[in-house]
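In this chain, residues are counted from 1 in sequence order. It should be emphasised that the depicted structure is a prediction, and the values quoted were computed from it without experimental measurement.
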Amino acid sequence: MTNSNTAKLSNIGEYTLFSFGDKTITFLTSKNLEKYTEIKKWDNGYIVVMAKNKNKKEAHEDYIDLIPILDNLYMNSEEFLKPIKGVKLDYV
């Protein structure tokens with residue numbers, strides 16, 4: 001997996017940021033989200049992540065489905081997702 005086919009996932013407060021190429025998609029998530037701690041699986045638009053919430057000691061498994069988000073933005077989800085081979089966390 002090279003950087004050219006790897007997307008990035010992070011959050012700022014309750015907003016999740018998914019970046020690939022020159023596009024960054026921002027969408028609202030839980031107000032309790034502290035941060036994502038691990039990407040467990042990438043499946044062509046469906047992401048299984050471990051997420052740490054402010055009100056819990058341990059991270060829990062959570063799921064992000066990008067296809068309806070992309071569709072709501074009138075983006076061609078198939079075209080956008082096709083080159084992505086993996087996702088990594090991107091916190092600075």
Under 3.5 Å, side chain of [X] to main-chain N/O of [Y], donor-acceptor pair present?
X	Y	result
H60	A51	yes
N76	E79	yes
W42	I84	yes

Enumerate the residue pairs fulfilling salt bridge (charged side-chain N to carboxylate O under 4.0 Å, His left out) with a member in residues 55-67, sequence neighbours excluded, ordered by first and then second residue.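 Residue pairs with at least one partner in residues 55-67: K40-E61.
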Please write out which residues are connected to Y74 in a hydrophobic cluster, directly or through intermediates, given that two of Ile, Leu, Val, Met, Phe, Trp, Tyr count as joined at side-chain heavy-atom separations below 4.5 angstrom.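 Cluster partners of Y74: none, it stands alone.
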Where E34 and N11 come nearest, the two heavy atoms and their spacing: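 Looking at all heavy atoms of both residues, the closest pair is O-ND2, 3.3 Å.
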Test item: K35 and Y91 side chains (from C-beta on) under 4.5 Å apart, heavy atoms: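 Side chain of K35 against side chain of Y91, heavy atoms only: contact under 4.5 Å found.
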Should T6 and K88 count as side-chain neighbours, where that means a heavy-atom distance under 4.5 Å?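 Touching, per the 4.5 Å side-chain cut-off.
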Distance check, rounded to the nearest 0.5 Å: [X] atom [atom1] versus [Y] atom [atom2]?
X	Y	atom1	atom2	value
K82	N5	NZ	CG	13.5 Å
L81	M75	CG	CE	8.0 Å
D90	S10	CG	OG	5.5 Å
K8	I39	NZ	CD1	13.0 Å

Look at atom CD1 of I12 and say whether more than 12 heavy atoms of other residues, nucleotides or ligands are closer to it than 6.0 Å.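 Open: at most 12 neighbouring heavy atoms sit under 6.0 Å from CD1 of I12.
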Any salt bridge between K31 and E14, counting N to O under 4.0 Å?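 No salt bridge links K31 with E14.
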